[in-house]
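Heads up, the thing below is written out as structure tokens.
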There are 2 protein chains.
Amino acid sequence: MFQKVLIAEDADLASSGVRKALEELEIPKIEYSQYCDEAFIKFKNAIRIEEPFDLLISDLSFVGNPNTQRLHSGDELVKEVKSLDPTLKTILFSIEDRPFKVKQLCNDLALNGYVWKSNDALKDLKKAISLIKDDNFFISPQLAHVLRSKESFEITSFDIFLLQHLAEGLEQKEISEELKKKGIKPSSTSSVEKRLKLLKENFNASNPTQLVAITKDFGLI
Amino acid sequence: MFQKVLIAEDADLASSGVRKALEELEIPKIEYSQYCDEAFIKFKNAIRIEEPFDLLISDLSFVGNPNTQRLHSGDELVKEVKSLDPTLKTILFSIEDRPFKVKQLCNDLALNGYVWKSNDALKDLKKAISLIKDDNFFISPQLAHVLRSKESFEITSFDIFLLQHLAEGLEQKEISEELKKKGIKPSSTSSVEKRLKLLKENFNASNPTQLVAITKDFGLI
DNA sequence: ACTTACTCTACGGCTACCCGTAGGGTTTTG
DNA sequence: CAAAACCCTACGGGTAGCCGTAGAGTAAGT
């Protein structure tokens, strides 16, 4: 079992819950940071005194932190600590459930576990820890589907085409006509509708307006 | 009349038209740059040899320029040259017709003239030059309304509220309910509709989706 | 060649958006 | 005080988006 675990979590409610779960697992050394920068410093010091952490459990979004912080989110923290110690096990602990984002995080950060802050968050967290110590990967069951390649959602140039024209104010029928004009294969208004529906589901958008807002934030358009 | 005029314009079609107009006004020295950086260097050199320009006519958007350019658009160029020579007269010559943007440019840059690239662009440009030499301000008549304070469009916190909730996927009826919940005065769906209509007109958006895309680009939300 | 599976397309009912109109309330003007 | 102007609100008809369904076309497997 893990000997020394670092928690990075800004919400006290969440961090106390995580701490309790870890105590129940009889993990001897548990440390906690409210800010990413602080967590990173603790991590570096632990290496320096040759008592390194063997597990990091980090939140994703840290809100209301002072602007002076260098690291603003859990993914940045994970990236930094893994570059210092590639053998470190990491669990991301977040409310984020957008398939696109979850998949991106799991792949880009080479996480060992992704625990979704659902109603069963602590149960999932305990399960994750016991699996990860044997080098297995864990993801909360409600999100497991996003990693199955069959269901996984790839953003295509077709999607970008739709989103860009949507952002330019074209309506679905007009986008369909544009597709026909350019000789792009699926071109019916029905196909445009269907693909936009998938995009909305994938980005948790309830209508095209929100979809454009979200994908603009993602930098897709 | 002006003695030495600098044109900054990337489209040869446009710059040759401007040059012709200036020749018809019997302006002795006319110089031309295709890039903002080049224009700025010409401007500095002219000051150095004590033969400064007394008028700058600049396009707004310079497309397809090499990335190496420091200045990317006409407004940046105007800002730079005015900081070197505050007495310089400047005319912005652009296709930009969005009221919000036009007003912002005229005010922030302290322009002497704004000529809209309409069908009467050269006629307007000549008129602008003759007015400006007597320290008057000129704006193309089709855009004059955007500066009249009575008609001018101010972005209020109410607008930001609407745009943010629109970007979050709420529909008009739901936004109306949010307004009622927060006790904000105009709260009917009809009022929401009407204000959104004005916003769309102001930003040249044809539907809420495009409106969100545009205002996101503006950095409003 | 037939079946199966998948994709693209077409259609119809429902809802949200869009736009003009009109009525009620407050403020401004004469 | 009354008239006018203005703003907020309510309503109704037309249009675009939304969703399920169903049919046509294509590709792969038996």
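So that the names make sense, note that chain A is the first sequence line, chain B the second, and so on, each numbered from 1.
In terms of modelled atom types and a separation under 3.5 Å, the side chain of S140(B) and the main chain of L143(B) share no donor-acceptor contact. Proximity of a side-chain donor or acceptor of S206(B) to a complementary backbone N or O of G169(A) within less than 3.5 Å is detected.
Nearest nucleotide to the side chain of K200(B), out of dT9(D), dC18(C), dT9(C): dC18(C).
For K180(B), the NZ atom is densely surrounded, since the number of other residues' heavy atoms within 6.0 Å is greater than 12.
Here K181(B) pairs with E178(B) under the salt bridge (charged side-chain N to carboxylate O under 4.0 Å, His left out) rule; sequence neighbours left out. For F161(A), the ring pair (Phe, Tyr, Trp, His ring centres under 6.0 Å) criterion is met by H165(A), not counting sequence neighbours.
Whole-Å rounding puts the Q172(B) CD to dA16(C) C1' distance at 8 Å. Rounded to a whole Å, the CG atom of L196(A) is 10 Å from the C1' atom of dG17(D). Look at CZ on R195(B): it is 16 Å from P on dC19(C), rounded to the nearest Å. One interatomic measurement links the two molecules: NZ of K197(A) to P of dC8(C), which rounds to 16 Å at whole-angstrom precision. L199(B) places its CG atom 15 Å from the C1' atom of dC17(C), with the value rounded to the nearest Å. When the C1' atom of dT9(D) is taken as reference, atom CD1 of I184(B) falls 17 Å away, rounded to whole Å. Here dG17(D) presents its P atom at 8 Å from CG of L166(A), a figure rounded to the nearest Å. Protein atom CG of L179(B) is 15 Å distant from nucleotide atom C1' of dC7(D), rounded to whole Å.
Judged by closest nucleotide on DNA chain D, S191(B) is the one of L170(A) and S191(B) placed further toward the 5' end.
Scanning both residues, V115(A) and A128(A), for their nearest heavy atoms gives CG2-CB, 3.8 Å.
Between V18(A) and E9(A) there is no side-chain heavy-atom pair separated by less than 4.5 Å.
Side-chain N/O atoms of S190(B) include none lying less than 4.0 angstrom from OP1 or OP2 on dA10(D). Contact annotation: S187(A) reaches the phosphate of dT9(C) (side-chain N/O to OP1 or OP2, under 4.0 Å).
Heavy atoms of T189(A) sit nowhere under 4.0 angstrom from any nucleic acid atom. When heavy atoms are screened at a 4.0 angstrom cut-off, E193(A) is found touching base atoms of the nucleic acid. Residue-level contact check: K194(A) touches the bases, meaning some heavy atom is under 4.0 Å from a base atom.
Within residues 206-213 of chain A, the residues having any heavy atom closer than 4.0 Å to DNA chain D are, in order of number, N207(A), P208(A).
The base of dA10(C) has none of its N or O atoms less than 3.5 Å from a complementary donor or acceptor on the side chain of S188(A).
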